[in-house]
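Worksheet: the structure to be examined is printed underneath.
Throughout, protein chains are lettered first and strands after them, A, B, ... in sequence-line order, and every chain is numbered starting at 1.
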Amino acid sequence: MRNPLRAISESGEDRARNRGAVLRRLLVELKPYKGVIALAVVMMALSGAAQGLSPLITGQIVDKVLLTGDLPSLTRMALLLVLAYLVNMVATRFQIYLVSRTGQQILAKLRNEVFAKVESLSLKYLESKQAGDLMSRLINDIDALNNFFTQVLSQFIGAAFTLGGILVAMLLLSWQLGLAVLMVVPILLVVTNVFSRMARRAFRQTRETLGDVSANLEEELGGVRVAQAFNRTQENVRRFARSNAANRDANVSATAITSAFTPAVDLLSTLDMALVAALGGFLVIRGVISVGTVVAFIQYVQSFFRPFQTVTQLWTIAQSAFAAAERVFDLLDMEATVEDKPDAVEMGRIEGHVRFEEVDFSYEEGQPVLEKVSFEALPGQTIALVGPTGAGKTTMVSLIARFYDPTSGRVLIDGKDLRDVRQLSLRSQMGLVTQEPFLFSGSVMDNIRYGHLDASDEEVMAAAHAANAEEFILRLPEGYQTEVGQRGSLLSQGQRQLISIARAVLADPRILILDEATASIDTRTEVLIQKALGQLLKGRTSFVIAHRLSTVRNADQVLVIDQSRIVERGTHEELIQKNGLYAELYRRQFYQPEEESAPAAPAVSS
Amino acid sequence: MRGVFRSLRYLRGYWKPAFGAFISLIIVNFANLAAPQLLRILIDSGITPLNMQVVLQVAGLLVVVALVRGLFFFLQGYWSEVASQGVAFDLRNQIFERLQHLSFSYHDRSQTGNLMTRLTSDVDITRNFVGSGLIQLLSGIILLIGTVTILLRMNPLLTGLFLLSVPAMGLIFAVAVRKFMPLARTVQEKLSALNAVLQENLAGIRVVKAFAREPYELSRFERQNQDYLAHNITLMKLFATFFPLVFFIANLALTAVIWVGGGQVIGGRMTLGELVAFIGYQGYLLLPVFMLGSIGTMMSWAEASSRRIFEVLDAESEVKEAPNAYPLPPVQGRVTFENVTFRYAGADQDALQSVSFEAQPNQTVAIMGRTGSGKSSIINLIPRFYDVREGAVKIDGIDVREVTLDSLRSQIGMVLQETTLFTGTIRENIAYGRPDASMEEIIAAARAAQAHEFISEMPDGYETLIGERGVGLSGGQRQRIAIARALILNPRILIMDDSTSSVDAETEYKIQQALENLARERTTFVIAQRISTVRRADKILLIDNGRLVAEGTHAELLECCELYVDILASQFGAREEVNAAVEEALK
């Protein structure tokens, strides 16, 4: 099945696809660590110098000591060598530590940034995307970047220094042979470029297929109960195997490319060595250089290509990291569809005057969910939204919380257009109880406290009491400290709903939205909650969506929504008298026409 | 290292590429070993006596060796990837399959984010070791033995000198690995915790936003992230300390060789070319030693990860098929609870206590009771999502624990309380339990669930794509798709757990009418809050606090049961109305 996130990686193409841009952005992340990086670079320079020095010393040993037989200076040289290695060790230790620590810190920061981004994205975006793919970006892609910072970067810079040191030493020793060694470099660059291009395509594929695997996982793990109920497990296993296989194959093809790269560099290095031997021999015959120089040079060629080989081995990681970085940056570059304006103001304490002015809304173009909806709720009023399933009731309350912005028209609270106020200041005064209550793993206490983080235990308990949740909570094995399990799976749906109501009660919101809050609670408990809510609703504006019309009788205003429009409005009595859609819905619920023959139809007069 | 050994067994299915990779790596190593010998010849017989012909010949040979080495290097890299990705593929599939089959109580207690970490990060770490670590380990050992043999033949004294450093390096690695392993496990656990926060946030984003809790969630995430960071840095520190130390010891040995060897060259007991070749080989000696070290850390990390993998694979499903389970024959639909007592894992109170009742074929049984009284527990026991503690659940007199799960569940249709839909088209979602269903059957099911009308109004009709959790549809629309999904199975036993709560009264009425026709041919269990839904039931079970407190028809319960009258009263808001209803029932 399709992966909707593909769409954003394609739209992000121009932004992040360019490798230079990705690299530059990764380097920008290093900026705050300038001091540490400078220190690390000093360490690298030290270890590079030490490494460049050792063949030089060895060469000296061959030329000056072995060919002359000067034993005492052999010992001196050997001690010098030990010193160089010691410096190398200490410098390497600090360099690895400093670089990898910085890398980890940057990753932690990126992780926070991506998370903050996800939290700031609008519901419209998040609900249309697969959570698993988002997770994959936060987990797997950042992990791939991890390797970039910890391995590639330090070794790459280290290799560059080693290379520089060796280069200088070579040219000093014999510029002719030095230039011969360097002749291979342009070929090397071309080869690298060709392979890079191929590898990046392949690695992008691996990241994307991994995103698919994660998306598949997230969804199937969430829906495992349904899968078992419907005997779908075998089919699901087959489907998972398919996305899993795609990821495997993408990895294998990517590796095929990188595995070919290392030998290509190795071959070039050997060719270079053969060249040095031939040219060196020729130069020795001409008397231009000594045998010791050629011997030293053969060592240099190996040392010269070693950093290249290191880099080529890291290259796999680097390619994978670039592909991952693209995906991470694509996400960071996403524009939140609902965003605070730069000059957004604080909402201020809400009085509760809610106004819709000619509001149109559609999730997708050409499919209006709300059309020309206008109404007004006065402070403290209870507004009931009634209508057939899918008429647009939930969308209306979502607009009040500014989960979405209207396509046209305005939503005003206390005369302020919601687009002009800061989202946090708006939502912190709003309480929402949704159709499907969502609890976080943690205790009952934690979940209720979510409504007001600073609340004392007593306040939490008072809220539970007000929502009539106390009775069942006290019957739980550990009372308020009982763990609710992931998404509250250890509680019944009704119990979860009671907790989510207590949570809203504790939040003490200025505007309360109950979206079918009592649908899965038994009617007896519902009556108790209604009583509690009756107290709660006083002094605040509230919106109630309910199918049980007994719930809406006491509303100050009933809005009947049908096919994206408000078709009737008024109080319960007025609407019953009007004898329109509301009256019909109401009658349906209480008398059911074909019941006449049924023996025990309770006759309820209305 | 139990976990690592066990994960190695997964290589069995990929022995061919693994073996190929292994052989290729040995060839690469031998080609590597040949190079310093060629260099020795180059210096001793080519450059020193200035014999250009030898120089050119040997240089050519070096290129040939590089070509061979290159080819096999490629094959080694490719084949070990094939093998290791194969292992990862098998591991992931197995974990996924296990998770699909683990019973509800396992999933009640586990977090998706944590499981996902095991399926991605932990599998990858294990794969890395199993696929390439092992091959490198083996070839490293062979390379070590080969190099030592060559060096011994060249110069036993220098070789002995060099080998002195090996125990020291071994000791350092042993210490490093010991410190590394528990840390690696902790780091993976921290990562899991981090991912769990993330996953929950994505799933519950609406609540987070509704309560303006983004700053709180961010700080929670940052805390976990910081914790993970701190542990990671400790690990890095360990790494940064041990590896340069090992290199230093190796270089120390190298210096010793140059010092002693230099003396030998001066004394004329060794040629310059031999010394250069010897130094060259030393690099190859260092390589396997270093490799063994890094494989050591890789292995301890893989051990931590593979244990986390096998924890899932070894998790026992609390609901297990009996070894002699047989397929449940086509059922009539008689469902019997005999003194059923049930308790959720980890709870210290029974959710159900001595519940007994019987539903006859084609009866409709309504279950009523307060929130948390045990209604869902009853219906979850029928398809055996959980097992009873005491007593038995029987279908047509057969204990559900005696039959295969597939044969049992395929005859039961369920509409669960939480309507989870899947990414895909509406058609695919309705045909979820029967992917081979025809379009006619799908439409018929949708009609019965009162879903056909709104589906037809959608731009792509039955081919409309719906999002991950079925968002884009209203709660009522999702419930109706879930009902259609159950109806298309044409099950002998139909269970509806509060399935119409989000549907408006008119739609519910229509669904009921459709169901009534369907219900005549099957045993139906209904959990519902609305009296209008349940009063036509053949039998109403009234549950309170995990006990069956009353059973009977609507009329019977009105007469005898105070709790039932209470519930009715709350439904209609006024006691008098109920009284009127009671009187009418008595007439």
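Summarising the local packing, OH of B:Y78 is surrounded by 12 or fewer heavy atoms from other residues, nucleotides or ligands at distances under 6.0 Å.
Looking only at side-chain heavy atoms (C-beta outward), A:F115 and B:N225 stay at 4.5 Å or farther from each other. You'll find the side chain of B:F96 reaches within 4.5 Å of the side chain of A:N236, heavy atoms only. At a threshold of 4.5 Å between non-hydrogen side-chain atoms, the residues A:S259 and B:E81 do not count as touching. Looking only at side-chain heavy atoms (C-beta outward), B:F454 and B:R480 come within less than 4.5 Å of each other. The shortest side-chain heavy-atom distance between B:R409 and B:F385 falls under the 4.5 Å cut-off. Using a 4.5 Å heavy-atom cutoff, the side chains of A:R475 and B:N545 are in contact. Side chains of B:V65 and B:L62 form no contact here, defined as non-hydrogen atoms less than 4.5 Å apart.
For chain A, the nearby part of B:L229 is the side chain; its heavy atoms alone come within less than 4.5 Å. The contact between B:L194 and chain A is made entirely by side chain atoms (from C-beta outward), counting heavy-atom distances below 4.5 Å. Interface remark: A:Q423 contributes no atoms to any contact with chain B (heavy atom separation under 4.5 Å). For chain B, the nearby parts of A:A245 are the backbone and the side chain; heavy atoms of each come within less than 4.5 Å. Heavy atoms closer than 4.5 Å to chain B are found nowhere in A:F472, neither backbone nor side chain. If you measure heavy-atom distances from B:V63 to chain A, the contacts under 4.5 Å come from both the backbone and the side chain. Residue B:S410 touches chain A through both its backbone and its side chain, counting heavy-atom pairs closer than 4.5 Å. With a 4.5 angstrom heavy-atom cutoff, B:L489 touches chain A only via side-chain atoms. Neither the backbone nor the side chain of A:F94 has a heavy atom closer than 4.5 Å to any heavy atom of chain B.
With chain A as partner, the option from B:A59, B:S103, B:G77, B:A240 having the largest number of non-hydrogen pairs under 4.5 angstrom is B:A240. Heavy-atom pairs under 4.5 Å with chain A were tallied for B:T241, B:L191, B:V82, B:L71; the largest tally goes to B:T241. Contact count versus chain B (heavy atoms, under 4.5 Å) is highest, among A:M430, A:Q104, A:R101, A:R111, for A:R111. If you tally non-hydrogen atom pairs under 4.5 Å between each of A:V90, A:T270, A:L107, A:N112 and chain B, the highest count goes to A:N112. Ranked by heavy-atom pairs under 4.5 Å with chain B, the first of A:G451, A:A507, A:S425 is A:G451. Most heavy-atom pairs under 4.5 Å with chain A: of the set B:G60, B:P244, B:G70, this distinction falls to B:P244. Top candidate by heavy-atom pairs under 4.5 Å with chain B, chosen from A:V284, A:L86, A:L271, is A:L86. For the set B:Q349, B:Q76, B:M116, B:Q226, the count of heavy-atom pairs under 4.5 angstrom toward chain A peaks at B:M116. Considering only heavy-atom pairs separated by less than 4.5 Å from chain B, the leading option among A:T92, A:N244, A:V237 is A:N244. When each of B:L252, B:L119, B:L56 is checked for heavy-atom pairs under 4.5 Å with chain A, B:L119 comes out on top. Ranked by heavy-atom pairs under 4.5 Å with chain B, the first of A:V82, A:D249, A:N251, A:L426 is A:N251. No other option in B:W259, B:Y432, B:Y216, B:F247 has as many heavy-atom pairs under 4.5 Å with chain A as B:Y432.
Looking only at distances, a side-chain donor or acceptor of A:S428 sits under 3.5 Å from a matching main-chain atom of A:L424.
Looking at every heavy atom in both residues, A:K393 comes nearest to A:V386 through CD-C, 3.8 Å.
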List the steps and the verdict of side chain to side chain contact (heavy atoms under 4.5 Å, CB included) for B:E428 and B:F422. CA-CA 9 Å; B:E428 286 167 327; B:F422 296 88; over 6 Å; no
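In this view, B:V58 and B:L38, B:I41, B:L42, B:V54 satisfy the side chain to side chain contact (heavy atoms under 4.5 Å, CB included) rule, not counting sequence neighbours.
A cation-pi contact, defined as under 6.0 Å to the ring centre and within 45° of the axis, links A:R93 to A:Y97.
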